[in-house]
Amino acid sequence: MSIWKRESSLEALEAECRNTLVSHVGIEFTELGEDCLRGRMPVDDRTRQPYGLLHGGGSVVLAETLGSIAANLCLADPNRMAVGLDINANHVRAMRQGWVEGCARPLHIGATTQLWEIRIEDERGRLVCMSRLTMAVVNRG
């Protein structure tokens with residue numbers, strides 16, 4: 001059974017993120033599963049730090065993007081929205097090139113808070129970053 005309360009598609013998510021940080025760093029949405037939103041991000045000049053490695057902030061951008069969008073797709077009331085309250089990230093493996101893929105899954109979906117786990121892996125399925133995102137559910141406007 002799907003956790004999503006709002007209709008969406010990969011194409012709609014891509015369109016919603018045009019001309020934002022999400023599109024600037026090359027994030028692509030790859031799957032809207034029953035309980036997981038997946039996306040990927042290139043490890044290139046936009047996302048590497050000066051020493052040639054994937055920037056930790058890039059991993060956090062991917063994690064917060066996936067978790068935040070997923071959290072909002074879980075809200076039935078159009079007058080409510082989920083906003084980031086806290087994020088942490090443990091960087092486990094360095095990357096110099098290729099793609100990282102993240103999967104956001106809920107640990108808790110409540111009326112006022114949500115907790116999401118975002119696992120980011122390299123192209124071989126090895127853990128690159130593990131992130132946890134806490135979202136506050138607030139009134140729009």
Side-chain angles (χ1 to χ4, degrees), residues 2-141:
S2 176
I3 62 172
W4 314 121
K5 305 287 189 242
R6 294 184 182 169
E7 278 291 315
S8 196
S9 67
L10 297 178
E11 296 77 18
L13 297 178
E14 296 280 348
E16 187 177 332
C17 292
R18 265 190 214 113
N19 299 316
T20 68
L21 175 63
V22 176
S23 63
H24 178 71
V25 297
I27 292 174
E28 300 173 356
F29 300 99
T30 59
E31 181 186 349
L32 187 56
E34 293 292 310
D35 71 342
C36 175
L37 175 61
R38 288 185 187 274
R40 67 185 198 150
M41 181 179 72
V43 179
D44 62 17
D45 289 342
R46 295 170 291 180
T47 58
R48 281 192 290 258
Q49 39 95 313
Y51 304 109
L53 303 173
L54 173 62
H55 195 294
S59 294
V60 172
V61 167
L62 177 59
E64 186 152 1
T65 297
L66 295 174
S68 179
I69 289 173
N72 279 284
L73 291 176
C74 290
L75 299 175
D77 184 348
N79 296 313
R80 305 281 281 165
M81 63 189 238
V83 296
L85 186 62
D86 182 65
I87 189 165
N88 76 7
N90 295 102
H91 307 290
V92 177
R93 179 177 306 280
M95 294 272 305
R96 291 186 180 279
Q97 61 185 12
W99 290 82
V100 288
E101 181 177 54
C103 178
R105 281 201 162 89
L107 297 174
H108 166 75
I109 300 175
T112 59
T113 61
Q114 296 183 18
L115 181 60
W116 291 82
E117 176 181 86
I118 303 93
R119 181 181 176 93
I120 299 173
E121 300 175 341
D122 67 11
E123 294 166 296
R124 294 172 36 192
R126 298 177 300 181
L127 183 64
V128 172
C129 177
M130 181 61 78
S131 183
R132 192 175 58 238
L133 174 65
T134 305
M135 301 293 291
V137 179
V138 299
N139 289 327
R140 269 188 201 279

Report summary line: For Arg6 and Pro78 the tightest heavy-atom approach is NH2-CA, 3.8 Å
Query raised in the report: Going by an N to O cut-off under 4.0 Å, is there a salt bridge joining Arg119 and Glu117?
Result: no
Query raised in the report: Has Arg48 got more than 12 heavy atoms of other residues, nucleotides or ligands less than 6.0 Å from its CZ?
Result: yes
Requested in this report: Would you check if the side chain of Glu14 reaches a backbone N or O of Phe29 as a donor-acceptor pair within less than 3.5 Å?
Outcome: yes
Report summary line: Between the CG atom in Leu133 and the CG atom in Leu66, the distance rounded to the nearest 0.5 Å is 10.0 Å
Report summary line: Here the gap from Arg46 atom CZ to His55 atom NE2, rounded to the nearest 0.5 Å, amounts to 15.0 Å
Query raised in the report: Ignoring hydrogens and geometry, is there a side-chain-to-backbone donor-acceptor pair from Thr47 to Leu54 under 3.5 Å?
Result: no
Query - Derivation and outcome, side-chain contact (heavy atoms from CB on, under 4.5 Å), residues Leu13 and Ser8 - result: CA-CA 7 Å; Leu13 297 178; Ser8 196; 3.4 Å; yes
Query raised in the report: To the nearest 0.5 Å, what is the distance between CZ (Arg105) and CD (Glu34)?
Result: 11.0 Å
**Report entry** Arg40 side chain vs Thr30 backbone, donor-acceptor pair below 3.5 Å
**Finding:** no
Report task. Examine distances only and state if a side-chain atom of Asn72 and a backbone atom of Met81 form a donor-acceptor pair shorter than 3.5 Å. Result -> no
Report task. Quick one: closest heavy-atom pair of Thr65 and Val61, and the distance? Result -> OG1-O, 2.7 Å
Query raised in the report: How about Gln97: does its CD atom have over 12 heavy atoms from other parts shown lying under 6.0 Å from it?
Result: no
Report task. Answer yes or no: is there a donor N or O on one side and an acceptor on the other, between the side chain of Arg132 and the main chain of Leu115, under 3.5 Å? Result -> no
Query raised in the report: Which atoms form the tightest heavy-atom contact between Ile109 and Cys74, and what is the distance?
Result: CD1-SG, 3.7 Å
Requested in this report: Please report the closest heavy-atom contact between Ile69 and Cys17, naming both atoms and the distance.
Outcome: CD1-SG, 3.8 Å
Report task. Would you name the heavy atoms of Ala94 and Leu53 that are closest together and state the gap between them? Result -> CB-CD2, 4.0 Å
Query raised in the report: Taking atom CD of Glu16 as the centre, does the number of heavy atoms from other residues, nucleotides or ligands within less than 6.0 Å exceed 12?
Result: no
Report task. Please assess Gln114 against Trp116 for the test side-chain hydrogen bond (donor to acceptor under 3.5 Å, both in side chains), listing each intermediate value before the final yes or no. Result -> CA-CA 7 Å; Gln114 296 183 18; Trp116 291 82; 2.8 Å; yes
**Report entry** Reported OG-to-CG distance for the pair Ser59 and Asn90, which is rounded to 0.5 angstrom
**Finding:** 11.0 Å
**Report entry** Closest non-hydrogen atom pair, Asp35 against Pro106
**Finding:** O-CD, 3.4 Å
Query raised in the report: Any side-chain heavy-atom pair from Ile27 and Met41 closer than 4.5 angstrom?
Result: yes
Query raised in the report: Are the side chain of Thr113 and the backbone N or O of Gly110 linked by a donor-acceptor pair below 3.5 Å?
Result: no
Query raised in the report: Can you tell me how far the SG atom of Cys129 sits from the CG atom of Asp122, to the nearest 0.5 Å?
Result: 12.5 Å
Requested in this report: Check whether any side-chain heavy atom of Leu32 sits under 4.5 Å from a side-chain heavy atom of Leu73, and report yes or no.
Outcome: yes
**Report entry** Separation of Ile118 CD1 from Met130 CE (nearest 0.5 Å)
**Finding:** 9.5 Å
Query raised in the report: Under 3.5 Å, is there a donor-acceptor pair between the side chain of Ser131 and the main chain of Asn88?
Result: yes
